[in-house]
Asks: 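Okay, here's the structure, questions in a sec.
Values reported hereafter were calculated over all heavy atoms of this structure, with side chains retained and with hydrogens, waters and symmetry mates removed. What you are looking at is a predicted structure, and each value in this text was computed from that prediction instead of being measured.
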Amino acid sequence: MALAERSYFFKRTYHYLDESKAMELVYILRSNCIETNIDISERAEPIEYDSRHIALSSLPKDIATVIHEKKKFREQFPLKKSEVDYLQENFSDNLFAVNKELLELLKNK
């Protein structure tokens with residue numbers, strides 16, 4: 001017998017490009033985990049995504065510092081299916097507008 005579990009996440013990652021720029025990637029991800037008697041497999045697929053170059057100076061100083069030092073930074077927020085639906089309906093054209101505060105508001109709805 002196989003057990004399947006589906007999870008959703010909003011992720012924002014920054015990858016260092018040079019002294020002044022980073023690549024920002026934002027995406028809503030669906031993760032499927034299937035467990036059988038002999039194996040566990042996980043598969044993740046993006047539902048919505050976008051990317052852009054961004055000036056490090058436009059980011060909060062603490063985040064820019066981490067990107068500069070570690071060459072990357074990632075935030076990940078778990079989502080319910082209803083939150084995914086809301087984000088797709090209202091932000092599919094501008095995922096960059098989704099921030100921690102909005103995600104916290106959705107959690108408290």
Asks: Could you pull out all residues at least two apart from Lys11 that satisfy side chain to side chain donor-acceptor pair (under 3.5 Å)?
Replies: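 Partners of Lys11 under the side chain to side chain donor-acceptor pair (under 3.5 Å) test: Gln76.
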Asks: Please collect all salt bridge (Lys or Arg N to Asp or Glu O under 4.0 Å) contacts where either partner lies in residues 13-28, sequence neighbours excluded, each pair once.
Replies: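 For residues 13-28: Arg12-Glu24, Asp18-Lys21, Glu24-Arg52.
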Asks: Are the side chains of Val98 and Val26 in contact, using a 4.5 Å heavy-atom criterion?
Replies: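 The answer is no; the side chains never approach within 4.5 Å.
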Asks: Considering residues at least two apart in sequence or located in another chain, which fulfil the side chain to side chain contact (heavy atoms under 4.5 Å, CB included) criterion with Pro46?
Replies: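 Once residues adjacent in sequence are excluded, the partners of Pro46 under the side chain to side chain contact (heavy atoms under 4.5 Å, CB included) criterion are Leu29, Tyr49.
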Asks: Among residues at least two apart in sequence or on other chains, which ones pass salt bridge (charged side-chain N to carboxylate O under 4.0 Å, His left out) with Lys71?
Replies: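 Here no residue qualifies.
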Asks: With sequence neighbours excluded, tell me which residues meet side chain to side chain donor-acceptor pair (under 3.5 Å) with Gln88.
Replies: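 Scan of Gln88 (side chain to side chain donor-acceptor pair (under 3.5 Å), adjacent residues dropped) gives Glu48.
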Asks: Mind checking side chain to side chain donor-acceptor pair (under 3.5 Å) for Ser31 and listing every partner two or more places apart, or none if nothing turns up?
Replies: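 Counting only residues at least two positions away or on another chain, Ser31 forms a side chain to side chain donor-acceptor pair (under 3.5 Å) with Glu42.
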Asks: Taking the side chain as every heavy atom from C-beta outward, state whether Ile54 and Phe96 have any atom pair closer than 4.5 Å.
Replies: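 Counting from C-beta outward, Ile54 and Phe96 never come under 4.5 Å.
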Asks: About how many Å separate CZ of Phe73 and OG1 of Thr65, when rounded to the nearest 0.5 Å?
Replies: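 Answer for the OG1-CZ pair, Thr65 versus Phe73, is 11.0 Å.
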Asks: Of the non-hydrogen atoms in Met23 and Ser51, which two are nearest, and what is the gap between them?
Replies: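 For Met23 and Ser51, the tightest heavy-atom pair comes out as SD-CB, 3.9 Å.
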Asks: Among all residues two or more places apart in sequence or in another chain, which pass the side chain to side chain contact (heavy atoms under 4.5 Å, CB included) test with Asn99?
Replies: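 Once residues adjacent in sequence are excluded, the partners of Asn99 under the side chain to side chain contact (heavy atoms under 4.5 Å, CB included) criterion are Glu101, Leu102.
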Asks: Do Leu103 and Phe10 touch side chain to side chain, with heavy atoms closer than 4.5 Å?
Replies: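 When only atoms from C-beta onward are counted, Phe10 and Leu103 do touch, with a gap below 4.5 Å.
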Asks: In Å, rounded to the nearest 0.5 Å, how long is the span from CZ of Phe9 to CG of Leu79?
Replies: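 Spacing of CZ (Phe9) from CG (Leu79) equals 8.5 Å.
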Asks: Sequence neighbours excluded, which residues qualify as side chain to side chain contact (heavy atoms under 4.5 Å, CB included) partners of Lys80?
Replies: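 Residues passing side chain to side chain contact (heavy atoms under 4.5 Å, CB included) with Lys80: Ser82, Glu83.
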Asks: Quick one: side chain to side chain donor-acceptor pair (under 3.5 Å) partners of Asn90, sequence neighbours excluded?
Replies: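 So Asn90 forms no side chain to side chain donor-acceptor pair (under 3.5 Å) with any residue.
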Asks: List in chain and number order the residues that pass side chain to side chain contact (heavy atoms under 4.5 Å, CB included) with Arg43, two or more places apart in sequence or in another chain; answer none if no residue qualifies.
Replies: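 Listed in chain order: Glu45.
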Asks: For Tyr16, which residues count as a ring pair (Phe, Tyr, Trp, His ring centres under 6.0 Å) partner, sequence neighbours excluded?
Replies: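 For Tyr16 the ring pair (Phe, Tyr, Trp, His ring centres under 6.0 Å) partners, ignoring immediate neighbours, are His68.
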Asks: Once salt bridge (charged side-chain N to carboxylate O under 4.0 Å, His left out) is applied, do any residues pair with Asp85, and if so which ones, sequence neighbours excluded?
Replies: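 Counting only residues at least two positions away or on another chain, Asp85 forms a salt bridge (charged side-chain N to carboxylate O under 4.0 Å, His left out) with Lys81.
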